[in-house]
A.B. asks: 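One structure coming up, written as structure tokens, with questions to follow.
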Amino acid sequence: MQQLLRVQNFNVSRDGFGAGENQSLERPFGDADPGTMFAWAGATASWPNRTDPGGSRGLDDYLTRDFANNIGAEIMGRNKFGPQRGPWKDLEWRGWWGDEPPFHTPVFVLTHHLRPSFTLSDTTFHFVDADPATVLAQAREAAQGKDVRLGGGAATIREFLDADLVDTLHVAVSDVEIGSGSRLWKSPDELLDRFHLEVVPSPSGVKHHLFWRK
């Protein structure tokens, strides 16, 4: 079976930004408010960080629950892994997620500044400096027949789109504006030369954009 490269539950504003400027340790999404951006997912019964019972069911919950379905590895950009830029000043930083990262698979972090792999719980982070096709080949081998998730951020997704490596995308568009930062698109129509698109509005106010290859 073909191993797909999938973008899942990637959230952008209505003007196409996945994060704002001025990312920092205290603000992983920069000037963007993640509480507003991800409110649709946080309200679902399947939100992985949910500590209270309840939560909504329906379309938003289905897509949130599908996050780990048949995923054997993840690829992410360095800015998703952390706020540092340039050479690693120390190796103490091990991601935003604490001792129990939500991935449960090998994760390949794109960076020009390598560091040793490490494991937290059942997630192993590998740091790679290579072109998208080479990194995808490594991730597919690690995924052992399952699909590979392309986790973002926006610049990383665009890099793999430009290399024509992405098979499917689910992009949730929240009804907020960011104005500047890390942009996925000016319009989703930019992808229609290679992808079919269905837009499914949710009662939560988010619009789910579902792309698959022509």
Side-chain angles (χ1 to χ4, degrees), residues 6-44 46-51 55-56 60-61 63-68 71 74-86 88-89 92-105 107-113 120 123 125 127 149-161 166 169-188 190-191 202 204-209 211:
R6 297 157 51 188
V7 175
Q8 292 180 281
N9 295 348
F10 190 75
N11 220 143
V12 301
S13 60
R14 62 174 175 258
D15 52 349
F17 292 94
E21 296 180 342
N22 303 311
Q23 184 192 47
S24 67
L25 182 63
E26 294 76 21
R27 298 185 65 87
F29 291 88
D31 296 331
D33 178 8
T36 302
M37 284 275 286
F38 300 111
W40 68 274
T44 65
S46 299
W47 180 242
N49 295 328
R50 174 169 293 286
T51 57
S56 67
D60 291 347
D61 184 69
L63 292 167
T64 302
R65 190 169 67 250
D66 196 49
F67 180 74
I71 295 296
E74 166 145 343
I75 298 169
M76 68 173 63
R78 180 170 172 180
N79 289 4
K80 179 175 177 178
F81 178 77
Q84 300 95 334
R85 304 293 184 267
W88 301 96
K89 296 180 180 179
E92 294 300 315
W93 177 261
R94 306 184 104 191
W96 307 101
W97 306 281
D99 293 333
E100 297 285 341
F103 307 106
H104 312 295
T105 68
V107 174
F108 293 82
V109 181
L110 302 177
T111 176
H112 295 305
H113 302 278
L120 291 172
T123 298
F125 292 91
F127 299 84
R149 181 173 50 237
L150 182 59
T156 298
I157 293 174
R158 287 303 314 203
E159 187 177 0
F160 280 76
L161 283 168
V166 179
L169 302 90
H170 163 225
V171 181
V173 179
S174 296
D175 192 22
V176 297
E177 285 197 12
I178 296 177
S180 62
S182 180
R183 195 170 209 166
L184 180 64
W185 60 43
K186 292 183 179 179
S187 167
E190 296 168 14
L191 305 183
S202 166
S204 65
V206 74
K207 292 182 179 179
H208 297 288
H209 289 57
F211 299 84

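Values in this document were obtained by computation on a predicted structure and should not be read as measured data.
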A.B. asks: Between NE2 of H208 and CG of N11, what distance do you get to the nearest 0.5 Å?
C.D. replies: 9.0 Å

A.B. asks: Decide whether a cation-pi geometry holds between R149 and F103; the criteria are a distance under 6.0 Å from NZ or CZ to the six-membered ring centre and an angle within 45° of the ring axis.
C.D. replies: no

A.B. asks: With a 4.5 Å heavy-atom cut-off, do F38 and S174 have their side chains touching?
C.D. replies: no

A.B. asks: Please report the interatomic distance NE2(H170) to CG(L63), rounded to the nearest 0.5 Å.
C.D. replies: 4.5 Å

A.B. asks: Check the pair S46, D61 against side-chain hydrogen bond (donor to acceptor under 3.5 Å, both in side chains), reporting the backbone distance first and the verdict last.
C.D. replies: CA-CA 6 Å; S46 299; D61 184 69; 2.8 Å; yes

A.B. asks: Can you confirm whether T156 sits close enough to L150 that some side-chain heavy atom of one is under 4.5 Å from a side-chain heavy atom of the other?
C.D. replies: yes

A.B. asks: Between S13 and F17 (side chain of the first, backbone of the second, donor and acceptor by atom type, cut-off under 3.5 Å), is there such a pair?
C.D. replies: yes

A.B. asks: Can a donor-acceptor pair be found, under 3.5 Å and without considering hydrogens, that links the side chain of W40 to the backbone of V173?
C.D. replies: no

A.B. asks: Do L161 and L169 have side chains that approach each other closer than 4.5 Å (heavy atoms only, starting at C-beta)?
C.D. replies: yes

A.B. asks: Tell me, with the steps shown, if R27 and N22 meet side chain to side chain contact (heavy atoms under 4.5 Å, CB included).
C.D. replies: CA-CA 8 Å; R27 298 185 65 87; N22 303 311; over 6 Å; no

A.B. asks: Could you check whether any side-chain heavy atom of M37 comes within less than 4.5 Å of a side-chain heavy atom of I178, counting everything from C-beta outward?
C.D. replies: yes

A.B. asks: Who pairs with D15 by salt bridge (Lys or Arg N to Asp or Glu O under 4.0 Å), at least two apart in sequence or on another chain?
C.D. replies: none

A.B. asks: If you round to the nearest 0.5 Å, how far is CZ of R158 from CD of E190?
C.D. replies: 5.0 Å

A.B. asks: Quick check: do V166 and F211 have side-chain heavy atoms less than 4.5 Å from each other?
C.D. replies: no

A.B. asks: Does some side-chain heavy atom of I157 sit less than 4.5 Å from a side-chain heavy atom of W185?
C.D. replies: no

A.B. asks: A side-chain contact here means heavy atoms from C-beta on lying under 4.5 Å apart; do R6 and I71 qualify?
C.D. replies: yes

A.B. asks: Parallel, tilted or perpendicular for W93 and F81, by the 30°/60° rule?
C.D. replies: perpendicular

A.B. asks: Test of understanding: with salt bridge (Lys or Arg N to Asp or Glu O under 4.0 Å), list the residues that count as partners of E21, not counting sequence neighbours.
C.D. replies: none

A.B. asks: With rounding to the nearest 0.5 Å, note down the distance linking CH2 in W47 to CZ in R65.
C.D. replies: 15.0 Å

A.B. asks: Side chain to side chain contact (heavy atoms under 4.5 Å, CB included), that's the test. Do F160 and I75 meet it? Break it down for me.
C.D. replies: CA-CA 10 Å; F160 280 76; I75 298 169; 3.9 Å; yes

A.B. asks: Which atoms form the tightest heavy-atom contact between G20 and A32, and what is the distance?
C.D. replies: N-CB, 3.8 Å

A.B. asks: How about P101 and F125: do any of their side-chain heavy atoms sit closer than 4.5 Å?
C.D. replies: yes

A.B. asks: Checking T123 side chain against H104 main chain: does a donor-acceptor pair fall under 3.5 Å?
C.D. replies: yes

A.B. asks: For a side-chain contact (heavy atoms from CB on, under 4.5 Å) with R85, tell me which candidate from Q23, H113, R78 qualifies.
C.D. replies: Q23

